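Throughout, a chain's letter reflects where its sequence line sits, starting with A, and its residues are numbered from 1. These numbers come from a predicted model, not from an experiment.
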Amino acid sequence: MSEWVVTMKRWRQHIPPTHLALLILAVLLLIALLTTVTQGAYDISLKSLFTGMLGRGRLDELSQNVLFDIRLPRMMLALIAGVALGVTGAAMQALFRNPLAEPGLVGLSAGASLGAVLAIVLTSGGLLIIGSSAFLGALVATYLAYMLGVRSHNVSGLLLAGIAINTIVFSLMGLMIVQASDAQLRDITFWNMGSLAGATWPVVGLLSPLVLIGVGLLISRWKVMNALLVGDRAAFHLGYNLKTVRWQLLTLVAFTAGPLVAVTGGIGFVGLVVPHLVRMVLGADHRWVLPASALAGALALVLSDSVARVVMAPAELPIGLVTSLVGGPFFIWLLLKGHAR
Amino acid sequence: MKVALIRFLQLSVFVSLIFILESLAPAQAQLSETVIASAPAPVAAPKRLVTLGGSVTEIVYALGAGHRVVATDQSSLYPVQATQLPSVGYYRRVPIEGVVAMRPDVVLASSHAGPPLALQQIQDLGISLELVSDEPNMPSLHNRIRQIAKVLNRQEAGEKLIDEVNQQVNAAHLMPVQSKSALLLVMRGGKLLGAGGNTTANVVIQQSGLHNVLTGIKSYQVITPEALSAAAPEVIIVTRSTVKALGGLDQVKLEPALRHTPAVKKGHVIVLDDLLAQGFGPRIGFAIQYIRQALANDE
C-alpha cells in the first residue's frame, strides 16, 4: 500500500525515467509507422493517404491495393520481427550473462539457414517448404545444443555446445552449397541476407499470435532474468531451478525467433545491438529492458525496412544487409565509447 | 530428460500443425505454380513494359519495342540502352512495389523469374504479367520470340526475327568444323570455373559442333589444374572478362593450369563475349558463327 503512495507521489512530481523512456519509444514507433507508410518504390503521399482513408476517394485503386495488400502487411511483419528480435536478443543476453549473446549463439540461425539451404537445393519448393524447413532446422539445432550443453552445470556448456552445433551446421551447409546451381546459390545468398518481401496478411496472421505469445511469456519472465544476472549461485538461492529456467528460456526463444527466421531469413544485429542501447539508457533491470527492447527493436526494423525499400528503388536491399550495415559500425562506436554493458 | 523431449515434441507438432493448416487454407496470396496472366492481354500494343530476364529484354529491343521498356532487371545487359534503365534487381527475386512503381502495362518475365508469390501479387494488383519460355534450346527461343511478339502485337516482326535467327544458325552450321573436345572457362572469385552439362554455355559449345568434355558436371564448377590436364581439351573458350581478369590473352596461355593443354599448345583459344557465352538469345547464330570462324582461322 505504501509502495503505491510513493509511486503516485513520484508520478506527480515527474514520470520515472523508465516509464518516460517506454512512452517515448512508443511515440517514436508510432511516428515511424506513420512516416514509413508513405515510403516505398511506389509513390503514395501522406496527404492522399489520409484523404483516401477518410473516404474521399483520392487514392486510386492501385495505390489502395499496394498500400493495404503489400505495404501494410510488410510493415506489420517488420513490427513483429523487430519485437521478437529485440526481446529474444535481450533474453539470450540474460541467459548467457553476456552482452554479446543473440539467438544465433545456440545454433538457431545456423539451423534455420541449413534448413533453408536443404529446401532450396534439394527441392524446388517455395516459401512454405523453405519456411517449414528453416523452422525445423532452427528447433533441431537449438535442441541439440541444449542436449549437449545441459550436462554441464553452468551456462558455458550451452555456449560451447552452441559453437559446436554452429560449426557442424555450417559444414553441412557448405556441402550443399558446393552442389548448388548458380540460381540456387543466389537464392541461398538472398535468404541469408534476410527479407521482409514474403509478407502477406496470411503470413502476418500466422506469425503474430506465435510471436506475441512467445514475447509475452518472455517479458513475464523478467524476474528470472534479473536473478540470472546476479549469478548462478545467487539465482539458485533465490529459489530458481537453473536447469528448468534455462530450458524454459531457450524454448521460448526458439519458438519465438524460429518461426520468424523461417519467414524472414537471417536478420542480424538487431538482437545484439538493440538490448545494448536499451541497457545504456535504462539500466539492466529486465522489467524495463524487455519491453523497451521490444519497442526499440520494432522501431529499428520499421525504419530499416523503409530504407531497404527506398534507397535503391525500384530494386530492394535485403533487410539483413541494412541492419548489418547500420548496426555494425554503430556497435563499434558503442564499444569504442566504452558504454557496452 | 524424457519429459523434456516429449514436451518439446508436443510443442513442435503443435506449431507444425499450425503451419500445415495454414497451407491448406485457400489463402489469396499462396504460391500458384501456373502464373500465366489471368487478365486478358491488352489488344493495343502496350505502352510501358517491364522486362525480367536478359533474353526477354534483348528480344523486345530486337523487335523494335525497346523504347517502350521502362525498367529491366539486373541481368538485362544487352543492348547497352537496357543497362541505362532503372533496374528492379535480381529477376528471381523481384520486389513487388518496385515493379508496380514503374506502372507497367505489361510485365514480360522469363519463366525463371520469381518469387512466385511476388508474381502472383503483381497480377492480383491488376497488372498484366506474361511468362515466356526461357530454356537454352532453339524451340524455346522460337517460342519466346513468338510469345513476346504476340504481347507486343508485332507478330510479323517476330516471324522475321525467327527467320533471321534461323538463317544465322543455318549459315553457321554450314561452316565446316572438325569435332573437337572443348570446354568453356570463366573466372569467378579468382578461380577458374568450367561450364557443365546443364549450362547455356554447353549448348553454345555443342551447337558450334564441338564436344564439351565437362558435360558430366553440373552448373559451373571449379576445375583444378589436374582435371584440366586429364580432360586435355583441344579447344578452350574463355569469356572476355576472364581474359581481362587474367591480364590478356598471352597471360591466359601462360596460366600453369592451361599451359600444357592441347588447346593452348596448338593455339586454339577462343575469346567469346560474356553475354554470348552465357545466354541463349537471338544472337546465338552469331555466337556459333564466331566460334566456327575462330576455329577455321586457327587452322
Taking all non-hydrogen atoms of both residues into account, name the closest pair between [X] and [Y] and its distance.
X       : Y       : answer
R48(B)  : R103(B) : NE-O, 3.0 Å
N212(B) : A195(B) : ND2-O, 3.3 Å
A81(A)  : L301(A) : CB-CD1, 3.4 Å

Exercise. Is there a donor in the side chain of S110(B) and an acceptor in the side chain of D134(B), or the other way round, less than 3.5 Å apart?
Worked result: yes
Problem set entry | Donor + acceptor pair across side chains of N192(A), S113(A) (<3.5 Å) |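 Yes, side-chain donor-acceptor contact under 3.5 Å.
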Exercise. About how many Å separate CG of L77(A) and CG of L196(A), when rounded to the nearest 0.5 Å?
Worked result: 5.0 Å
Problem set entry | Value rounded to 0.5 Å, distance of OG1 in T251(A) from CG in L218(A) |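 Interatomic distance, T251(A) OG1 to L218(A) CG, rounded to 0.5 Å: 10.0 Å.
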For this session: Please state whether the side chain, the backbone, both or neither of A308(A) comes within less than 4.5 Å of a heavy atom of chain B.
Result: neither
Exercise. Where on R71(A) is there a heavy atom nearer than 4.5 Å to chain B: the side chain, the backbone, both, or neither?
Worked result: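 Backbone plus side chain of R71(A), per the 4.5 Å heavy-atom cut-off to chain B.
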Exercise. Residue by residue, which of residues 76-93 of chain B have a heavy atom closer than 4.5 Å to a heavy atom belonging to chain A?
Worked result: P86(B), S87(B), V88(B), G89(B), Y90(B), R92(B), R93(B)
Exercise. When heavy-atom pairs shorter than 4.5 Å are enumerated against chain B, which of N65(A), V66(A), L62(A), D187(A) gives the highest number?
Worked result: D187(A)
Problem set entry | Top of E97(B), M102(B), Q74(B) for chain A proximity - count of heavy-atom pairs under 4.5 angstrom | E97(B)
Exercise. Pick one: which of L118(A), V117(A), T123(A) meets side-chain contact (heavy atoms from CB on, under 4.5 Å) with V121(A)?
Worked result: V117(A)
